[in-house]
Number of protein chains: 2
Amino acid sequence: MADISTRKVNPLFLREEELRQGIELLFYAYRDFTEVADQMLAQYNFGRAHHRVIYFVSRNPGITVSDLLSILKITKQSLSRVLGQLVREGFIEQKTGVQDRRQRLLTLTEKGEALERELTEKQRALIAAAYREAGAESVEGFRKVMMGMMEEKDRKRFEDDGPGGQRRRAG
Amino acid sequence: MADISTRKVNPLFLREEELRQGIELLFYAYRDFTEVADQMLAQYNFGRAHHRVIYFVSRNPGITVSDLLSILKITKQSLSRVLGQLVREGFIEQKTGVQDRRQRLLTLTEKGEALERELTEKQRALIAAAYREAGAESVEGFRKVMMGMMEEKDRKRFEDDGPGGQRRRAG
DNA sequence: CCGTTATGTCAGTTTTGTTGACACATTAAT
DNA sequence: ATTAATGTGTCAACAAAACTGACATAACGG
């Protein structure tokens, strides 16, 4: 069977290629997206795990430990090592919850905020450039595809209800 | 300053929110995309690193070790451990290059092809569902944004020159 | 022949994740 | 009021997947 005739009788051929390109787009983009903060992280002797924690605490001030765990999808023992470091070194503060005093609500200190801005700066710039090149319509398409790939539960974080929408819920 | 007036005088506010949403879209989507193959991988006592190697060898049959390294962006020592396992267990074959006999050209065995299909099946299904929900226009937007985020060098892998376009170059 | 390239390997280390067990304080339920 | 469940933390051992640095071999290219 020649290539062309296969494509005629098998409409799934192009689709398969399209899906594989999707897999690779995701791989290459994520690979380079994570890479841009590495140099800065190394200067603080931190890794990508620290960045993720700092980022999501910055994004969800007052988040509980368990909510942070369900975002990161790692074990509390894994989180503990990284979070403990960040607390000890004064980047993150823990306050006992008011309604539920078992909770340890996490917020960034001034120092933590400063580090967060430094760390995320290049990632933001990378996305900004990609958005600019691609155009507003493409960004909306990107949004839709990404939302379709994530766990249904997390999609509501991105509901289009204004800039405060994200912050209504912590996890 | 009230929220609304801030948004009026500071056009960067929404942009900042949009960029942060972009960061998170990428995080959540990639988190769940990688997760779907884990159960299958565990059955073979393999990890995500094995999957990446199998995937890219499947996608670029006859790829050289150094080209594979520049896709994965890891060290040869890291690759060696994972690749060695896959070769020893009969999933990947190494053939000496013909024009350049220093090269070890990598291809999947039958067994390797079978495993690759099993492993990638769920990821393909996840992307297919996301593409279906989002629609063809959104997929094109997704494509553009992702390409803008990756290293310029890798963008040519996705040039729209038919289904063979990807395979013309290995790395 | 000699410098460079492609690959592999030995040895040690780091980061980031895992399981399992247990402790403590607090909240919720019976 | 006692008991069960929840939120958090911690100790210990382990595993996956990355890293650095050094060195070795074979083959290519001028």
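For clarity, every value in this text was computed on a predicted model and none was experimentally measured. Both backbone and side-chain heavy atoms feed into the values below; hydrogens, waters and symmetry mates do not. In what follows, every chain begins at residue 1, and chains take the letters A, B, ... in the order their sequences are listed.
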Contacts of N45(A) and V98(A) projected onto DNA chain C by closest heavy atom; the upstream (5') one is N45(A)
Interatomic distance, H51(B) NE2 vs dA17(D) P [rounded to whole Å]: 13 Å
Pick the nucleotide of DNA chain D nearest each of K76(A) and V82(B); which residue has the one closer to the 5' end? K76(A)
Going by heavy atoms in the side chains, are K144(A) and E133(B) under 4.5 Å from each other? no
Spacing of I54(B) atom CD1 relative to dA17(D) atom P, expressed in whole Å: 12 Å
D100(B) has a side chain; which of dT10(D), dC19(D), dC28(D) sits nearest to it? dC28(D)
Within the pair R102(A) and dT8(D), is there a side-chain N or O less than 4.0 Å away from OP1 or OP2? no
Distance under 4.0 Å to a non-hydrogen atom of chain B counts as contact; along DNA chain C, which nucleotides mark the start and end? dT5(C) to dC10(C)
Under 4.5 Å between any side-chain heavy atoms of V36(B) and D32(B), yes or no? no
Whole-Å distance, L106(A) CG to dG7(D) P, equals 14 Å
Examine V53(B) and L105(B) and state if one hydrophobic cluster contains both, with Ile, Leu, Val, Met, Phe, Trp and Tyr joined whenever side-chain heavy atoms are less than 4.5 Å apart. no
Side chains of Q43(B) and Q39(B): any donor to acceptor distance under 3.5 Å? no
In this structure, how many angstroms lie between the P atom of dT20(D) and the CZ atom of R81(B), rounded? 13 Å
Taking any heavy-atom pair under 4.0 Å as a contact, classify Q94(B): base, sugar-phosphate, or nothing. sugar-phosphate
Pick base, sugar-phosphate or nothing for Q85(A), based on heavy-atom distances below 4.0 Å to the nucleic acid. nothing
Exactly one candidate in D67(A), L69(A), L68(A) meets side-chain contact (heavy atoms from CB on, under 4.5 Å) with V65(A); the answer is L69(A)
Would you mind reading off the distance between L41(B) atom CG and dA16(D) atom P, rounded to a whole angstrom? 12 Å
Rounded off to whole Å, could you give me the CD-to-C1' distance for the Q77(A) and dG9(D) pair? 9 Å
Could you check how far NE2 of H50(B) sits from P of dA16(D), rounded to whole Å? 8 Å
If you assign T75(A) and R104(B) each to the DNA chain C nucleotide with the nearest heavy atom, which residue ends up on the more 5' nucleotide? R104(B)
If you take the centroid of each ring, where Trp contributes its six-membered ring, are F27(A) and Y55(B) closer together than 6.0 Å? no
Taking N and O atoms by type only, does the side chain of R48(B) place a donor or acceptor under 3.5 Å from a partner on the base of dA16(D)? no
Check the distance between dG9(D)'s C1' and R101(A)'s CZ and give it to me in whole angstrom. 17 Å
Are E16(A) and R20(A) close enough, and set up right, to give a salt bridge (charged side-chain N to carboxylate O under 4.0 Å, His left out), and what steps lead you there? CA-CA 6 Å; E16(A) 162 81 10; R20(A) 289 202 172 261; 2.7 Å; yes
